Amino acid sequence: MDYQFQKIEKDWQKFWAENKTFRADNQSGKPKYYVLDMFPYPSGAGLHVGHPLGYIASDIFARYKRLKGFNVLHPMGYDSFGLPAEQYAIQTGQHPSVTTEDNIATYRRQLDQIGFSFDWDREVRTSSPDYYKWTQWIFMQLFNSYYDKDADKAQSIAKLVAHFESNGSAGVNAVCDEEVLSFTADEWKAFSAQQQQAELLKYRLTYLRESTVNWCAALGTVLANDEVKDGFSERGGYPVEQKKMMQWSMRITAYAQRLLQGLDHIDWPEPLKEMQRNWIGKSVGASVRFPLEASPKSSPKERTSEEGSNSLSFGEGRGEAASYIEVFTTRVDTVFGVSFLVIAPEHELVAELTTPGQKADIETYIAQTKKKSELDRMADTKTVSGAFTGSYVTNPLNGEKVPVWIADYVLAGYGTGAVMAVPSGDQRDFLFAKHFNLPIIPIIDIQNIEIEADPTKEGKYINSDFINGLGYKEATAAVVARLEELGLGKAKVNFRMRDAIFGRQRYWGEPVPVYFKDGLPYLIEEQHLPLLLPEIDKYLPTESGEPPLGRATDWSYKAEGKVSPIGEDLEGAEAFYAYELSTMPGWAGSSWYWYRYMDAHNDQEFASREAIEYWKDVDLYIGGSEHATGHLLYSRFWNKFLKDIGKVVEEEPFKKLINQGMIQGRSNFVYRLIDEEGKGTNTFVSHGLIKEYKTSPLHVDVNIVENEVLNVNKFKAWREDFADAEFILENGKYICGVEVEKMSKSKFNVVNPDDLIARYGADTLRMYEMFLGPLEQSKPWNTNGIEGVFKFLRKFWKLFHDADFNFNVSDEAPTKAELKSLHKIIQKVEQDIERFSFNTSVSSFMIAVNELTDLKCSKRAILQELVITLAPYAPHICEELWTLLGNPAGTISTAAYPIFNPAYLVEDEFSYPVSFNGKMKTNVSLSLTMETADIEAAVLANADVQKYLDGKTPKKVIVVKGRIVNIVI
RNA sequence: GCUCAGAUGGUGGAACUGGUAGACACGCAGGACUUAAAAUCCUGUUCCCGUUAAAGGAGUGCGGGUUCGAUUCCCGCUCUGAGUACCA
């Protein structure tokens, strides 16, 4: 039979499913290997040809590892909570779970067609209650934990309570809100339960607080920083504004240092690690307090907690007048160059600092900055603007009077929202000083500040009191020491990363397992998990602007017992408490899912101890780099937390990570002829001739174009108005234009894997996706060339068959040449897979099959091994041939990868390339056992070489044994 | 602006540690088979000069450098893509 891929592929996919060929066991004598793909959000559009790229690569790797004797865990699931299903629900009234279900069915069908070796018994769906029960459970553990800086890990909140009970707040070194109370043990005990709860909330790893959020009115929800691009929502492109809201947050900043350090120990692409480093944004510097002019010197040592908190930290606490402004600086050595202070327009002290005389100015300026959108503010970095408050602070080291300004180049969200301006060393301060005529004080002898600021660290200090004459390092140390002595500053590490907002005003997400009592949040009891998403009448905010869950009629909790059903006797109604109305964000379910695969059906734990200790972590994770600062950071955070509380064993979840490149679209164009009146005609000009005519380009469906040649008949059938289109051809063909764009329906450049599989089969698709180029490189999809891979598989099939397609394999002993071809490919594929260079192994397979075809090789000894090496790439055809070779069905998946024998590659002769001054001219074939001196003599004696020498004596002859001869003349 | 990645034939790409640049495939051209087409097979295909062959010259974004020898290493520049954006 000819290569009948459709039948073969269907048969084997059925066989794998029925026999659970790829089921992984949680115990095995084999070493474990965990290959994970980033699970997809099941969108309504289904898979396009770009999606499976990473899945194919990981599948090849997983299948290869099985052949290499590993117990491989290779699961797949769905990140099935998300906005699109909800948007669709709003439009159609259809429950998101219904559309999600449908979309998953489509995904599953498409995935199955490609022949992946997933263990489907372990499938997870983040929107399934069996799954989100454990997402909620992890949330509860976070709520019940705080970060102890001395132990440098998360600890049970009970431990903190015990500390408060015996020692009060003294000696607590924890990551917390900036405004925590100082109290004794007795005072703590005297607090009401409510006061205690309010205080503990300031320490919990997930907590509620009023924060400035990215509010997207069009989507009706808040967005995480990584979901906002240039002031617009990443999804949909709607405007995003800053708004203050009560929000659940995750204290990820507690882990900033560990998240940073962990990067040094994982095998991830360097650019991705760099992105995380930038996102975390560690800067080492100092905090410095500038006392306010009029007020008496503060006694700042009483403050309990600003350390480690990343948030704004102003004043002495609530209700009291501030006595200083705190700034963060990375150049504390330049403190004698401070000629003014700048605080953000949103800074808490602005009103207090503004003198009556300056009030009008300041108010005008604030109004002006408020009007500017986030986008304008970012785009416009050149215009200098600001206003003087009228107040002064004192330089803590030289007592000089320093004016306080406000300006929008200082961001409220970073550091303390205030900077000490050193115009001689900082370009922004320099421009500001020039613009407003403020003094610019040189502080380093070699500084050149004629035209711009000079941030040098070289040279000696001048105009700088006790550090005059010192160098950078000593000066910094001396200034910090003096500030500490004065109690007006200290060395400080600042992180740019903020705590992550953990709530969406949306329906289609995990409910937060929290109810409210007297305005404070409490966890529901663990036995009541999962807290199921309630049914609601429509998926919109309530009339009063509450999130959609506010529409649920029975959305409350009875602490001692059960969830209140509607219409229940209202006796004891005061014991029913309202649930949280927001739901968890998209990243909640994806921040731990790799553990659920380890033990997907466990209803006692998120995964059993045994399963976690066996599988430990993900050995290879493949996915897109777009998740660099979202999913991949949050997952590392949750993993570290789970490690801290002893639930998992590894500090980092993903040992090795590979980013597959994005597949871009490749659009084709036709060119409509424009007539004299400037109107479009129904005549189309071939691309090569468009310079001679007036035309306008028009996207054309790439599926009716082959090798840039338009199928004219299909084009006429494509759209009614083209039915009687006419064409101006070149060489009898209509050639289309080409452009690389995003793959999207509106550009008619979407290529569907289903169509390609129907035409060429999954094995061809798999190999072609790999053949396209290096996995990590982004590239446009181009179906041109898929024929080459298809031909290769047919040729491969033919090796096992005679001219009439009868299966025909001989048991003759292989020749040296055949063994050489085989072992070349065994070695090559092994090396290529280990370095994830799948495209080069496809070429090598082609070379091997070409060679064996030329050798007319049909020997079992060769082909049986070749089939195993190809099986990870083209599993269906290999299963079929493996069975035809007489092996039990399905056993190729666990066959042993052939052992490479270098002896078969040993050559005794080598054709030395001989170059003259580095330019290759001729070859001389010599024995590989020859020594350098003999090679030189033999080469020089060669007739061709003599000809090139043309009687000249070589100046030098370089001989590299087994490689090259270079003659210098 | 900063950070990172990249630039090789008509196209996708290969060349792994500095050692024959262009493997493999597409496309194109020519040929075989065929009444014809499709399919299949064979040959050629970096560019320039050359009637063919030979011979010669140029050549991995641009300009320099190191080296017997550079796509590979170093310096400077241009362009493309990604991330980030007044981070004090």
Side-chain angles (χ1 to χ4, degrees), chain A residues 229-230 269-275 277-279 281-283 285 327-332 334 342 377-382 384 407-411 413-422 425-429 431-432 455 494-497 625-626 628-629 659 661-662 664 706-709 738 740 768 771-774 776-789 791-792 794-795 798 828 831-832 835 837 839-847 850 911-923 947 954-960 962-969:
Chain A
K229 290 263 175 313
D230 301 332
E270 204 46 52
L272 197 127
K273 291 203 219 178
E274 203 53 34
M275 272 195 247
R277 286 192 191 105
N278 290 338
W279 191 261
K282 179 179 180 174
S283 22
V327 303
F328 174 74
T329 176
T330 51
R331 288 297 301 274
V332 72
T334 63
V342 189
R377 196 164 150 173
M378 284 191 299
D380 180 21
T381 58
K382 291 197 182 72
V384 176
D408 65 3
Y409 81 84
V410 175
L411 306 174
Y414 181 76
T416 60
V419 303
M420 57 177 224
V422 183
D426 182 286
Q427 185 59 18
R428 290 158 305 175
D429 300 344
L431 292 173
F432 197 86
N494 202 46
F495 291 97
R496 187 169 71 137
M497 185 169 62
S625 59
E626 64 271 23
T629 50
N659 291 131
M662 253 228 312
Q664 295 140 309
E706 206 162 326
N707 285 314
E708 303 356 318
V709 179
V738 178
V740 171
Y768 183 61
F771 189 57
L772 225 43
E776 301 191 46
Q777 197 173 296
S778 285
K779 56 226 154 200
W781 177 267
N782 187 349
T783 308
N784 300 348
I786 195 168
E787 295 272 354
V789 173
K791 278 192 221 163
F792 154 76
R794 292 193 57 180
K795 218 166 162 182
K798 278 191 193 161
K828 174 74 173 153
Q831 286 171 348
D832 284 351
R835 64 193 175 101
S837 173
N839 56 324
T840 51
S841 35
V842 177
S843 314
S844 306
F845 279 121
M846 290 172 171
I847 294 168
N850 288 345
S911 176
Y912 279 91
V914 179
S915 43
F916 289 77
N917 295 336
K919 275 268 169 209
M920 212 285 283
K921 292 290 181 188
T922 186
N923 281 296
K947 197 179 76 192
K955 283 188 194 137
K956 198 172 174 185
V957 179
I958 286 117
V959 176
V960 183
R963 280 223 174 255
I964 200 168
V965 177
N966 189 19
I967 298 168
V968 187
I969 48 174

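The shown structure was predicted, so the numbers you read here are calculated from the model rather than taken from an experiment.
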field: Minimum-distance nucleotide (side-chain atoms of A:K791 versus B:A23, B:U40, B:A88)
entry: B:U40
- request: Tell me which nucleotide among B:C16, B:A88, B:C24 gets nearest to the side chain of A:I847.
  value: B:C24
query: Between B:G81 and A:Q664, is there an OP1 or OP2 to side-chain N/O distance shorter than 4.0 Å?
result: no
field: Distance below 4.0 Å between A:N839 side-chain N/O and B:A14 OP1 or OP2
entry: yes
message: Taking the minimum atom-to-atom distance to the side chain of A:I958, which one of B:C86, B:A15, B:G19 wins?
response: B:G19
task: Please determine, for the side chain of A:P913, which listed nucleotide (B:A88, B:U20, B:G12) has the closest atom?
output: B:U20
task: Name the pairing partner of B:C28, where a pair is Watson-Crick or G-U wobble with both distances under 3.5 Å, or state none.
output: B:G44
field: Heavy-atom donor-acceptor pair, A:R496 side chain to A:N278 backbone, under 3.5 Å
entry: yes
query: A:E787 or A:P780: which one's nearest nucleotide on RNA chain B is closer to the 5' end?
result: A:P780
- request: Report yes if a side-chain nitrogen or oxygen of A:N782 is closer than 4.0 Å to either non-bridging phosphate oxygen (OP1 or OP2) of B:G13; otherwise report no.
  value: no
message: As a test of reading the structure: which of B:U20, B:A25, B:C68 is closest to the side chain of A:N966, going by heavy atoms?
response: B:C68
Side chain of A:S843 (C-beta onward), nearest among B:U84, B:A15, B:C24: B:C24
task: Establish, with yes or no, whether the OP1 or OP2 oxygen of B:C87 is under 4.0 angstrom from a side-chain nitrogen or oxygen of A:R428.
output: yes
- prompt: B:G50: syn or anti, with syn meaning chi within 90° of zero?
  reply: anti
message: Can you see if the side chain of A:Y414 gets near the phosphate of B:A88 - specifically, an N or O under 4.0 Å from OP1 or OP2?
response: yes
Of the listed nucleotides B:G13, B:U11, B:G83, the one nearest the side chain of A:P774: B:G13
- request: Drop me the distance from A:N782's CG to A:E708's CD, to the nearest 0.5 angstrom.
  value: 6.5 Å
message: Side chain of A:N850 only, heavy atoms from C-beta on: which candidate in B:C24, B:G56, B:G19 is closest?
response: B:C24
- request: Return the nucleotide paired to B:U51: Watson-Crick means purine N1 to pyrimidine N3 with N6-O4 or O6-N4, wobble means G-U with N1-O2 and O6-N3, both under 3.5 Å.
  value: none
- request: Kindly indicate whether the side chain of A:N784 and the base of B:C26 share any N or O donor-acceptor pair separated by less than 3.5 Å?
  value: no
message: Can you tell me which nucleotide in B:A14, B:U84, B:G56 comes closest to the side chain of A:W279?
response: B:U84
Closest approach of A:I967 to A:P954 (non-hydrogen atoms, all atoms of both residues): CG2-CB, 3.6 Å
- line: The reported gap from CZ in A:R277 to CD in A:E270 (rounded to nearest 0.5 angstrom) is 5.0 Å
- request: Could you verify whether a donor N or O on one side chain and an acceptor N or O on the other, from A:N850 and A:K795, lie under 3.5 Å apart?
  value: yes
query: Between B:A88, B:A85, B:C68, which nucleotide has the shortest distance from any of its atoms to the side chain of A:K956?
result: B:C68
